[in-house]
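Chain letters run A, B, ... following the sequence lines, proteins first, then strands; residues in each count from 1.
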2 protein chains.
Amino acid sequence: MAPLSLFCQRNAQSPDESSMPKSLNLVGTSTYQRIKRDIIFGDLAPGSKLKLDNLRERYEASMSTLRETLNRLASEGFVDALDQRGFFVTPVSREDLHEIANLRVLLECHALRLSIANGDTDWEGNLVAAHHKLHLMEQKMLEGDNSQIEDWKRYDWEFHLALIEACGSNNLLSLHAVLYDKYLRYQMLVLTHRGEDAVEEHRKVFKAALARDVETAADTLKVHIEKGLEHSLAAFTD
Amino acid sequence: MAPLSLFCQRNAQSPDESSMPKSLNLVGTSTYQRIKRDIIFGDLAPGSKLKLDNLRERYEASMSTLRETLNRLASEGFVDALDQRGFFVTPVSREDLHEIANLRVLLECHALRLSIANGDTDWEGNLVAAHHKLHLMEQKMLEGDNSQIEDWKRYDWEFHLALIEACGSNNLLSLHAVLYDKYLRYQMLVLTHRGEDAVEEHRKVFKAALARDVETAADTLKVHIEKGLEHSLAAFTD
DNA sequence: GAAATAAAAATATCAGATGTTATTGCATCC
DNA sequence: GGATGCAATAACATCTGATATTTTTATTTC
């Protein structure tokens with residue numbers, strides 16, 4: 001199974017054989033993608049009840065489709081399914097945020113090491129392109145233009161994916177995609193971003209990866225995620 | 001979301017708040033558990049088409065329920081959902097087996113280290129009990145009694161879970177539970193087991209964990225999984 | 001104010017109808 | 001004979017609506 005994430009081009013219901021792992025793709029308009037987006041971006045609040053009748057109106061879908069979607073999201077951990085009591089947006093907590101960040105460090109750094117070891121010229125090319133696009137967007141953000149947060153986050157996702165894409169494990173990329181999205185929900189909840197520090201960390205990981213400096217790249221990525229965690233935790237109240 | 005696995009007591013559709021991560025629990029008789037069991041134990045062959053009408057007869061469930069179940073399993077990676085072409089049991093491959101085993105090493109060893117660091121007296125007690133039960137069953141298997149493979153695998157699961165259960169991360173336990181089940185499917189496909197070596201490795205991990213010898217425990221666990229991988233790969237043909 | 005009970009709401013499951021897409025079999029053509 | 005095009009069939013995806021069960025809410029009673 002190829003990795004799925006919100007920025008995914010393909011329809012979640014119709015995975016094709018393309019190898020590109022996907023996250024946060026707001027292009028998709030399936031019920032699955034729309035609900036997942038709304039959970040990640042906080043339009044559906046953590047812990048809130050997902051009444052089927054309400055969802056029916058809101059997403060203009062039948063109960064069958066909605067239940068299939070909610071079962072999928074429950075399996076991924078964005079929705080809690082309680083027998084005979086319906087569906088709820090998975091609650092958030094500091095502990096959970098901690099766990100997600102730690103797992104992201106574990107998996108993403110591991111994948112980065114593999115990717116740097118395996119990456120070919122195409123990998124480098126994609127990485128350069130992804131960093132360039134992210135960097136342009138980051139400049140805009142630093143100038144105070146906060147109108148394109150979703151685009152910004154898509155570029156962030158595409159950069160982090162480009163880093164690890166040559167790791168050689170689709171299973172690893174799949175797990176990472178889900179973790180990224182869970183982490184992203186927390187980032188969206190606190191809605192503060194770290195500015196120049198994060199930009200510089202991106203640049204440093206990028207440079208080290210291109211230079212095939214595994215240790216520097218992995219260490220910097222670890223710091224990058226952990227600083228993001230601290231930043232989120234500081235702004236986060238249960 | 002608490003970890004789910006085949007040996008799970010609770011109904012997959014009705015997760016409660018109990019913290020016990022679950023795998024291969026054949027007690028459950030929900031459609032979800034029955035189909036998942038049949039995939040893992042090879043009664044539904046890798047790659048085979050899951051025609052809804054056939055499943056309807058076989059599991060005596062309505063199309064709605066089946067589609068919800070298949071969506072869940074698709075999300076976990078046991079089923080492939082192809083748009084307008086229906087559902088298929090996820091195919092197997094040597095590469096996939098490799099990936100699964102490597103991820104299990106990464107996550108399970110990491111969790112074991114945390115667990116040894118955090119584990120209290122209850123953890124030790126559970127671990128002793130789990131190893132004892134597994135060991136008894138292993139003796140039976142060594143004597144040639146192959147009539148209780150599912151029970152044996154449940155005890156194996158419970159032992160590996162007991163090792164890592166004090167890791168302090170529900171997210172980690174969830175990811176591990178799915179990986180264990182995927183790995184188990186490959187073990188069931190080749191249907192050969194390793195005998196005394198594996199028994200001794202279990203004993204060694206167990207002793208090291210109780211002695212809080214993190215390095216020995218993690219190294220032995222790594223060897224245990226990797227030897228299992230080699231053994232499965234040798235018997236596995238695409 | 002708490003406990004028991006009745007009413008309402010919501011869920012889970014099912015059956016059946018409809019439109020769409022994929023697959024299959026057959027005839028045709030080169 | 002093999003490839004191509006077309007019709008018939010099968011299968012999927014979605015929706016509506018019905019029923020039984022369970023949970024939640026409101027009301028009554030003590």
Taking atom [atom2] of [N] as reference, at what distance in whole Å does atom [atom1] of [X] sit?
| X | N | atom1 | atom2 | value |
| --- | --- | --- | --- | --- |
| A:Glu60 | D:dT16 | CD | P | 11 Å |
| B:Asn54 | D:dA10 | CG | P | 14 Å |
| A:Glu68 | C:dA12 | CD | C1' | 14 Å |
| B:Asp53 | C:dA22 | CG | P | 18 Å |
| A:Leu82 | C:dT11 | CG | P | 12 Å |
| B:Leu66 | D:dC12 | CG | C1' | 13 Å |
| B:Phe88 | C:dT23 | CZ | C1' | 11 Å |
| B:Tyr59 | C:dC14 | OH | P | 15 Å |

So does B:Asn170 get a backbone contact from the side chain of A:Glu99, meaning a donor-acceptor N/O pair under 3.5 Å? yes

Listed pairs, N/O of protein and of nucleotides 22-26 of chain D, under 3.5 Å:
{"from": "D:dT24", "atom 1": "OP1", "to": "A:Arg85", "atom 2": "NH1", "distance (Å)": "3.3"}

Please determine whether a side-chain nitrogen or oxygen atom of [X] lies at a distance below 4.0 Å from atom OP1 or OP2 of [N].
| X | N | answer |
| --- | --- | --- |
| A:Arg56 | D:dT16 | yes |
| B:Thr65 | C:dC14 | yes |
| A:Arg67 | C:dT11 | no |

Would you say the ring centers of B:His176 and B:His160 fall short of 6.0 Å from each other? no

Have a look at A:Arg58 and tell me which of A:Asp53, A:Asp38, A:Asp43 forms a salt bridge (charged side-chain N to carboxylate O under 4.0 Å, His left out) with it. A:Asp38

What is the minimum heavy-atom distance between B:Leu107 and A:Leu107, and which atoms define it? CD2-CD2, 3.8 Å

Please name the pair of heavy atoms, one in B:Glu108 and one in B:Ile164, separated by the smallest distance, quoted to 0.1 Å. O-CG2, 3.8 Å

Axial cation check for A:Tyr32 ring with A:Arg72, 6.0 Å and 45° limits: yes

Show each protein N/O and nucleotides 17-19 of chain D N/O combination with a separation under 3.5 Å, one pair to a line.
none

Flag the pair B:Lys36 and B:Glu76 as a salt bridge only when some basic side-chain nitrogen lies within less than 4.0 angstrom of an acidic carboxylate oxygen. yes

Starting from the 5' end of DNA chain D, give me the residue, A:Ala61 or B:Gly86, whose nearest nucleotide shows up first. B:Gly86

Is the number of heavy atoms from other residues, nucleotides or ligands under 6.0 Å of A:Lys49 NZ greater than 12? yes

Would you mind telling me which of C:dT11, D:dC12, C:dT13 lies closest to the side-chain atoms of B:Lys49? D:dC12

For B:Tyr186, which of B:Tyr180, B:Phe236, B:Phe41 qualifies under ring-ring contact (aromatic ring centres under 6.0 Å, His included)? B:Phe236

